[in-house]
Structure formats: structure tokens, C-alpha cells
Amino acid sequence: MEKLDIQLEPLRAILFQIGAFLPRLLIAVVVVLAGWLLAKVARIAVTKALRAINFNVLTERSGLDNFLRQGGMSGDTTSLFGMLLYWLVILAALLIAFNGLGLTYITDLLSRVVWFIPNVFVALGVLAFGSYFARFVGNTVVSSLKLPDASLLGKLAQYAIMAFVVLIALEQIKVGGDIIRESFLVILAGIVFALALAFGLGGRDWAAERIEHWWPRDKKARDTLNHENK
């Protein structure tokens, strides 16, 4: 009898571990199901809230929605915000479930992903408002400057602002960091140097023609005379 008890001891230990694990597994399943339902509600709620404040109109006018469609995405930026929130809630539920099961390695991996998603939210917000502001500045330059090359100047202003906006967005998601910033500064310095060199070697005549076209000599003479009379 004693020998039988010794042989059954490993089986009893296994059954005890299974009995202790089953309640935690059941709680984990309930947490995941509840998180899935909450994620669907949160996605619908944030999508409707953003559309209620016309956030989709801002992203459409900024060109961000068109950029996402060209990348193969069927929805717009508002639906992307909803999808990100959906997966954020799902991953948070999985994090709680795996933590309850004692799976520390998976919990650590999921926690890094969960903390990364809010940075994506911020980066998308920066891109949305920044691209809208860049287009607004470009249109303002075109409409305010009554010059033949106003559209070119407007595009330059828009692209310059967008470059800084993209850098800020990449900084939020911790992509590139100092390497991208330094590369951007090197490229910008190279472009400025190339333009200055081209202007110094062969662009003087063109610049003189542009200045004469924008501000004719008779107009400058009248302005100088008016200034002297005052």
C-alpha cells in the first residue's frame, strides 16, 4: 500500500497543479473576452467621436487620408485611430491574462508593445495637424504673394514645414532619432550649398530677371520718390 502511494504521488502533484491552474486559465479567458468586447466598443466610440468633431475633414484636407489610400489602406486616418485603440485594448487584456497565468516573458513583450502604441497615436496626431498646417501655410503664401512664382514658393514653404513635422513624428515613435535629424541637416545644408553655388555661378542673370519682373525699376523709383517726399 505504501509502495502504491509512492507511485501515485507524482500523479497527485500533477493533478494538484492542474487544479490550481484551471481557475487562473478560466479567469484569463474571461479577461480576454471582456477585453475583446471592450475593444469593439472603444473603436466604435472613438471613431464616432472623431467624426463628430470633423477630424476626418481635417485629415482629408491635409492630404493624410489620400497618402494612406495610396499606401493600400482602405479606410482613413479616423478609422486608423479606431483600429489602434482596438488593438491597444486587446493587448492590454492579453497582458492582464498572461500576467495572471504567470507567463512573465510574454507579459514583458506585450508591455513594450502596449507602451509603444500611445506614441503612434501622438505621431499620427502630429502628422494630421502638421500636414494641415503645412498646406494652410502653402496656400496662404500662394494667395498673399501676387507673383508668377508664388505657387513654387508656396510648395517650398509647405514641404519645409512637412519635413519638420515628419521629424517630430519619427521622434515620437523613436525611429531614427539623432541619425535622421543629422541626415536631414546634412541634406538641407547640401541643398542650400548647391543652390548658393548655382546662383553664384550662373543664376545671377536669372535672379536679376526675377527681381525686375517682381519689382520693376519704375515702381522702385516711385517708391523711392514717395519715401523721400515723406
Side-chain angles (χ1 to χ4, degrees), residues 18-137 158 161-177 180-181:
I18 293 175
F21 180 76
L22 284 178
R24 292 189 294 172
L25 179 62
L26 180 61
I27 294 174
V29 172
V30 172
V31 168
V32 172
L33 290 176
W36 174 67
L37 294 174
L38 182 61
K40 294 185 68 174
V41 173
R43 181 179 62 181
I44 295 173
V46 73
T47 303
K48 289 185 176 181
L50 290 176
R51 295 188 188 280
I53 61 175
N54 292 327
F55 183 76
N56 57 320
V57 177
L58 183 145
T59 55
E60 182 68 32
R61 292 180 178 177
S62 67
L64 189 58
D65 289 348
N66 186 38
F67 176 77
L68 293 177
R69 294 190 189 100
Q70 290 179 352
M73 184 175 176
S74 58
D76 55 3
T77 309
T78 303
S79 60
L80 181 59
F81 269 100
M83 185 60 65
L84 285 174
L85 183 60
Y86 173 84
W87 283 109
L88 178 63
V89 177
I90 289 289
L91 291 174
L94 290 174
L95 180 63
I96 297 173
F98 284 122
N99 188 43
L101 294 175
L103 302 175
T104 56
Y105 180 78
I106 300 178
T107 301
D108 182 60
L109 180 62
L110 286 177
S111 63
R112 296 180 182 180
V113 178
V114 168
W115 285 111
F116 176 76
I117 291 181
N119 294 332
V120 179
F121 273 105
V122 177
L124 279 177
V126 168
L127 285 176
F129 288 100
S131 56
Y132 181 81
F133 178 72
R135 179 163 293 191
F136 171 77
V137 171
Q158 179 181 348
I161 295 174
M162 277 303 303
F164 286 104
V165 169
V166 171
L167 286 177
I168 296 173
L170 291 176
E171 179 68 22
Q172 293 299 319
I173 59 177
K174 310 300 181 183
V175 174
I180 291 182
R181 286 196 299 271

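In what follows, residues are counted from 1 in the order of the sequence shown.
Looking at Arg135, its side chain never comes within 3.5 Å of a backbone N or O of Gln158 through a donor-acceptor pair.
The two residues Ala169 and Val126 come nearest to each other via the heavy atoms N-CG1, 4.2 Å. Taking all atoms of both residues into account, the shortest heavy-atom contact from Val89 to Gly35 is CG1-O, 3.5 Å. Among all heavy-atom pairs drawn from Phe121 and Leu84, the shortest one is CZ-CB, 3.6 Å. Taking all atoms of both residues into account, the shortest heavy-atom contact from Leu88 to Pro118 is CD1-CD, 4.4 Å.
Heavy atoms from other residues, nucleotides or ligands lying under 6.0 Å from CZ of Phe133 number 12 at most.
The CG atom of Leu58 lies 9.5 Å from the CG atom of Leu64; values are rounded to the nearest 0.5 Å. Atoms CZ and CG, from Phe55 and Asp76 in turn, are 9.5 Å apart once rounded to the nearest 0.5 Å. For the atom pair CZ of Arg51 and OG of Ser79, the computed distance is 6.5 Å after rounding to the nearest 0.5 Å. The line from OG of Ser62 to CZ of Phe129 is 9.5 Å long, rounded to the nearest 0.5 Å. Asn66 CG to Arg61 CZ: the interatomic distance, rounded to the nearest 0.5 Å, is 15.0 Å. The distance from atom CG of Leu110 to atom CD1 of Ile96, rounded to the nearest 0.5 Å, is 11.0 Å.
No side-chain heavy atom of Leu85 sits less than 4.5 Å from a side-chain heavy atom of Arg43. Between Val165 and Ile161, the closest side-chain pair of non-hydrogen atoms falls below 4.5 Å. Contact check for Ser111 versus Val114: no side-chain heavy atoms found under the 4.5 Å cut-off. With contacts defined as side-chain heavy-atom distances shorter than 4.5 Å, the pair Thr77/Leu50 does not qualify. Residues Trp36 and Lys40 meet the side-chain proximity criterion, which asks for heavy atoms closer than 4.5 Å. Counting only heavy atoms from C-beta outward, the side chains of Ile90 and Leu94 approach each other to under 4.5 Å.
For the residue pair Asn56 and Thr59, no side-chain donor N or O sits within less than 3.5 Å of a side-chain acceptor on the partner.
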